[in-house]
2 protein chains.
Amino acid sequence: MTTASATRPPGHTVRRPLRPTTKVLPGHARQHNRSLVLQGLFHTGPMSRADLARETGLTRVTVSDLVAELLADELVEELGLRPESRVGKPATIVGLRSGAAHIVCLDLSDEACMLGAVLDLSGAVLHRRLAPLNGRTGEAAYDVVVALCRELVSVAGRPVLGVGVGTPGVVDAAGAVLRAPNLGWTALPLAQRLSNDLALPVHVANDANAAALGEHTFGGAAGSGLMVLAVGKGLGAGLLLDGDLHRGHHNAAGEIGHVMVDPRGVACACGRRGCLETILAAPALRARIGGLDRRAANATLASVGRRLGGALALIVGALDLREVVLSGPVDLLGGSLRDAAHSEIRKRSMSIVGDELDLRMTRLGADVVLAGAAVLVLSGQLGVS
Amino acid sequence: MTTASATRPPGHTVRRPLRPTTKVLPGHARQHNRSLVLQGLFHTGPMSRADLARETGLTRVTVSDLVAELLADELVEELGLRPESRVGKPATIVGLRSGAAHIVCLDLSDEACMLGAVLDLSGAVLHRRLAPLNGRTGEAAYDVVVALCRELVSVAGRPVLGVGVGTPGVVDAAGAVLRAPNLGWTALPLAQRLSNDLALPVHVANDANAAALGEHTFGGAAGSGLMVLAVGKGLGAGLLLDGDLHRGHHNAAGEIGHVMVDPRGVACACGRRGCLETILAAPALRARIGGLDRRAANATLASVGRRLGGALALIVGALDLREVVLSGPVDLLGGSLRDAAHSEIRKRSMSIVGDELDLRMTRLGADVVLAGAAVLVLSGQLGVS
DNA sequence: GGCGTTAGTTAAGCGTCCTTACATATCAGC
DNA sequence: GCTGATATGTAAGGACGCTTAACTAACGCC
């Protein structure tokens, strides 16, 4: 392969590519373009076929064809002629039927109680249900999930597009829960089993990852480079880079709760000391400010914020993030903790990166994970996100 | 859009998607599949059309067609019948003609001297040229680049597939150098100008990013999740996540040299104190171990390694990386610094992540950036990486 | 030599998108 | 009200890409 005179760097071996790129057929292109049309309607709202053609770059002919297909699937509907009067033939507006189908969403991040909801295609929450765990784990916890799903499916008035689940633990790309200590799940093929049991498409992701998706699609995240820090009993993060969820080599990306930041810190449940979780998780924070007056509590929260900022500066700097979003108890995170973390990050990073960085609470409140679960389904079933 | 009874999370707004996905035509699919064939030959080596069909998932008919196209382009060649004897008609082996075209590669990371080389398609270095800068910056430095390229193009014995450049500074996806203080470049559309001046395809990336690509494709990087830490006069990093270069919101991903890790540290050229670069850059390291005996020097390097490990643990943990590769002076980085950093990362991260993490020197030595520049061209022109 | 197996090609068909042409419906100006 | 310009949407025909089915070529095995 190499000419004799060539010098070759030492150890110069060629390995297989990582992204196992697969073949693309004309039919896949069709699917992609169909999603493109839906995406346009989803994000920009109702418009004419000609508008869609301009937006997607496809011809009017092709767009008409795709729209006809979507009309047949009852995913979009004609909304009559465009009200404003212009030169030329009046345009027929087509819009996404946000009630065309419903999405069943689960948020399993609460230890005590599973949270379920029915959402429409626009992300609006239509119904809610709670399912207390009462300490059940493993197979029993799975049974709770199935029962909750069945209940929600029966409550949904429309055909169900799919089921989305945000769960704590490590989840692989196929929707199998590799490890979720709190729920007692190990290598549970959750998406596959649920899909079998419910006869519906099921998409599963880590809760913090789902939160990142939700914040991006429904929380109006500004652009590429988003990290959601989910603070609850533990601490997790979800990373959305270049519009894609980053999963990591062991599907453990964002699992920063047990990264040690202070070798002389407090003992952690994981057996080491000074994990980020010993500083930032909700119980730890409540314990530290319990009994303090307002001012002292704020000072304490600010000092935690500064330490968080010190840790985040490295991640923000390495990834050149645009936004860091906090999800969790607003009373703990939303005030001086956030402010201190923000200014600490700015102090520690290069100005271009730091100056434009947003550090804020989630705009979706406690529904981030539900919204993210919906995005999993929208993205998986319709190619919309 | 929302039914009246629906409850909607506060601030629930729908924004436009970030990945501005564009239309896909059948012709694009063809291009993709053509790359798939090349990719197979590049990574797995010569094989028969039938083998390629099995590997790509395409039919033998389609593969034959694609191979015919590649034969006409003289990118691949028939290597005769397969030597081993099996049942059935003997297979005709086709292989990539690594000498079919040459690639002109530039490494601008050295302050004093630009480094250029001609590589073949297998990444072997065929010719080298140096171009001393003698303090030239701005337009004069650009002239050196052009002259170096012209020289290398004239030296290359084959048609030149393209020009790849790894340069310090912030580079956008179009190959424009937004800021490169050392070279005195600001908003220089390097790829575009070079492409005009040379009448060749030109691909430009940050040097550390190029190094990451080079290490991945030619250094046998293990899989998804690679960070290359380029230690020289300054400090930069390149991140390869899920097979894609991560550029960041300001194209500044990996610019961690000026992230502050120690507010009470040494003053940095950037005006702040305790930047990572004040600890890890080559001049700083040399200054610290200068005059020390072997043991003391190793202890010093180990302490730097521990601090590096503390910083890296967060990044490795957040991204769930598989490999961190050091590029730079082996005498400084390759010994106790590396060992200390490695063990510190393991100590600080969750075992699943830390246990499988590799932290090693680059396998390509000083040629990483050149190799990466070649990958830019291979990937951009042939879809191979 | 017959049979099964594998490699590669040829022919026909289907799907996808494009270009071109046309029908439809409005506005602006006379 | 009529005409010309402009814009939307559809119809027909063609180019391209992949597939299936059928065929030829060449080998090992019995």
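Because the structure is a prediction, the values reported are computed rather than measured.
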Go through DNA chain C in 5' to 3' direction and return only the first and the last nucleotide with some atom under 4.0 Å of chain B's heavy atoms. dG4(C) to dC18(C)
Please enumerate all residues that pass side chain to side chain contact (heavy atoms under 4.5 Å, CB included) together with N251(B), with sequence neighbours excluded. V170(B), D172(B), L178(B), R247(B)
Only pairs under 3.5 Å count here: list side-chain donor-acceptor contacts from residues 52-68 of chain A, not counting sequence neighbours, and write none if there are none.
from   : atom 1 : to     : atom 2 : distance (Å)
R54(A) : NH2    : D51(A) : OD1    : 2.7
E55(A) : OE2    : T44(A) : OG1    : 3.3
T56(A) : OG1    : L52(A) : O      : 2.8
T56(A) : OG1    : L58(A) : N      : 3.2
T59(A) : OG1    : T62(A) : N      : 3.3
T59(A) : OG1    : T62(A) : OG1    : 3.0
S64(A) : OG     : R60(A) : O      : 3.4
D65(A) : OD2    : R30(A) : NH1    : 3.2
D65(A) : OD2    : R30(A) : NH2    : 2.9

Do any pairs count as a salt bridge (charged side-chain N to carboxylate O under 4.0 Å, His left out) and have a residue in residues 95-105 of chain A, sequence neighbours left out, and if so which ones? E77(A)-R97(A)
Holding to side-chain hydrogen bond (donor to acceptor under 3.5 Å, both in side chains), I want the full list of residues that pass it with Q381(A), two or more places apart in sequence or in another chain. H203(A)
With a 3.5 Å cut-off and sequence neighbours excluded, list the donor-acceptor pairs that the side chains of residues 191-202 of chain A form with protein atoms.
from    : atom 1 : to      : atom 2 : distance (Å)
R193(A) : NH1    : E139(A) : OE1    : 3.3
R193(A) : NH1    : E139(A) : OE2    : 3.4
R193(A) : NH2    : E139(A) : OE2    : 2.7
S195(A) : OG     : L200(A) : O      : 2.8
D197(A) : OD2    : Y142(A) : OH     : 2.6

R86(A): which residues meet the side chain to side chain contact (heavy atoms under 4.5 Å, CB included) condition with it, sequence neighbours left out? R82(A), E84(A)
If a protein heavy atom is under 4.0 Å from the base, mark B; if only from the sugar-phosphate, S; if neither, -; do that for nucleotides 8-18 of chain D going 5' to 3'. BBBB-----SS
Partners meeting salt bridge (charged side-chain N to carboxylate O under 4.0 Å, His left out) with R49(A) (sequence neighbours left out): E78(A)
